Amino acid sequence: MRTGKQRFVILLLSVGVLLSGCSGKSVQEQVTNGQAAEAAHEHGHQTQLTNGDIQEATASIDELPDFLKNQTSELQTIYALSAQVSDVLKYIPCYCGCGESAGHESNLNCFIDEIQEDGTVVWDDHGTRCGVCLDIAVESAKMSSEGMSLTDIRSAIDEKYSTGYAKPTPTPMPPAAS
């Protein structure tokens with residue numbers, strides 16, 4: 001069960017997220033042969049992909065990536081929140097166009113590329129530049145904190161973003177009992 005403080009943070013974020021859209025690069029610039037571009041440059045513990053996204057590994061979900069250090073506290077909180085609700089976001093599509101431009105499979109990938117078996121988290125900075133990604137993550141977390149099922153959250157997001165937004169990521173449907 002979520003604490004009152006967590007609910008307040010989720011509510012505050014859901015009202016306050018008003019950021020700009022995603023990358024201005026064309027799909028052709030960001031994708032090679034219909035697949036996500038592979039890593040182009042590595043700098044220390046960060047990897048910059050050819051689509052411009054930066055990925056960085058940390059030891060766990062409790063350690064946020066360095067690329068967030070100069071970002072607002074609200075953005076850092078959304079990244080921490082995305083890690084806490086990763087089990088929800090992996091079933092929620094993103095509607096910013098990142099499925100085609102960055103090879104993302106769900107809204108989770110806008111923040112986290114993967115959580116490895118040893119707990120290492122590979123973060124993605126895509127969400128730092130994309131209001132659609134942020135809005136979907138915060139709305140999904142809020143609905144989850146209110147006790148909505150994965151299926152109902154997915155339906156609500158699909159309904160809200162199906163018109164006027166980019167093609168959704170190829171996200172699997174949640175299990176039937178969710």
Side-chain angles (χ1 to χ4, degrees), residues 1-23 53 55-56 58 60-65 67-99 101-115 119 121-178:
M1 176 160 240
R2 304 271 188 230
T3 65
K5 184 177 179 181
Q6 287 175 315
R7 286 186 180 153
F8 175 75
V9 169
I10 291 170
L11 180 62
L12 179 66
L13 291 172
S14 66
V15 172
V17 177
L18 297 172
L19 298 174
S20 63
C22 295
S23 173
D53 287 355
Q55 292 185 343
E56 180 180 335
T58 65
S60 73
I61 64 170
D62 298 321
E63 181 184 350
L64 292 174
F67 64 70
L68 290 176
K69 286 188 177 174
N70 293 325
Q71 299 291 341
T72 65
S73 61
E74 290 85 5
L75 193 58
Q76 292 174 22
T77 301
I78 294 170
Y79 265 78
L81 181 67
S82 72
Q84 292 174 6
V85 296
S86 62
D87 57 330
V88 172
L89 297 184
K90 70 182 179 182
Y91 293 111
I92 306 301
C94 190
Y95 284 84
C96 78
C98 62
S101 68
H104 291 176
E105 294 180 5
S106 70
N107 183 250
L108 178 62
N109 296 140
C110 301
F111 308 96
I112 296 175
D113 181 59
E114 69 175 316
I115 300 174
V121 178
V122 179
W123 301 90
D124 193 300
D125 81 331
H126 181 85
T128 64
R129 305 180 293 288
C130 186
V132 173
C133 302
L134 296 168
D135 288 344
I136 290 172
V138 170
E139 291 168 21
S140 298
K142 181 177 183 289
M143 288 184 264
S144 178
S145 75
E146 293 169 348
M148 288 180 69
S149 70
L150 285 173
T151 304
D152 290 344
I153 296 168
R154 171 69 180 258
S155 294
I157 294 296
D158 284 343
E159 183 176 329
K160 179 174 180 178
Y161 291 92
S162 64
T163 305
Y165 293 89
K167 180 180 174 184
T169 53
T171 308
M173 293 300 289
S178 298

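Computed from a predicted model, the values in this text were never measured in an experiment.
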In Å, rounded to the nearest 0.5 Å, how long is the span from [atom1] of [X] to [atom2] of [Y]?
{"X": "Q84", "Y": "Y79", "atom1": "CD", "atom2": "OH", "result": "15.0 Å"}
{"X": "C98", "Y": "E105", "atom1": "SG", "atom2": "CD", "result": "10.5 Å"}
{"X": "S155", "Y": "L150", "atom1": "OG", "atom2": "CG", "result": "10.5 Å"}
{"X": "E56", "Y": "L68", "atom1": "CD", "atom2": "CG", "result": "8.0 Å"}

Are the side chains of [X] and [Y] in touch, meaning some heavy atoms are under 4.5 Å apart?
{"X": "E139", "Y": "I157", "result": "yes"}
{"X": "I78", "Y": "F111", "result": "yes"}
{"X": "Y161", "Y": "C94", "result": "no"}

Search all heavy atoms of [X] against all heavy atoms of [Y] and return the closest pair with its distance.
{"X": "I153", "Y": "V88", "result": "CD1-CG1, 4.2 Å"}
{"X": "W123", "Y": "A83", "result": "CH2-CB, 3.8 Å"}
{"X": "A166", "Y": "C96", "result": "CB-C, 3.5 Å"}
{"X": "L89", "Y": "S140", "result": "CD2-CB, 3.7 Å"}

Considering residues at least two apart in sequence or located in another chain, which fulfil the side chain to side chain donor-acceptor pair (under 3.5 Å) criterion with D158?
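Y95, R154.
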Can you tell me which residue among D113, I112, L108, N107 is in a side chain to side chain contact (heavy atoms under 4.5 Å, CB included) with C110?
N107
Side-chain H-bond candidate by donor/acceptor type, T169 with T171, under 3.5 Å:
yes
With sequence neighbours excluded, tell me which residues meet side chain to side chain contact (heavy atoms under 4.5 Å, CB included) with D53.
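Side chain to side chain contact (heavy atoms under 4.5 Å, CB included) check on D53 returns L49, N51, A102, H104, D124, D125, H126, R129.
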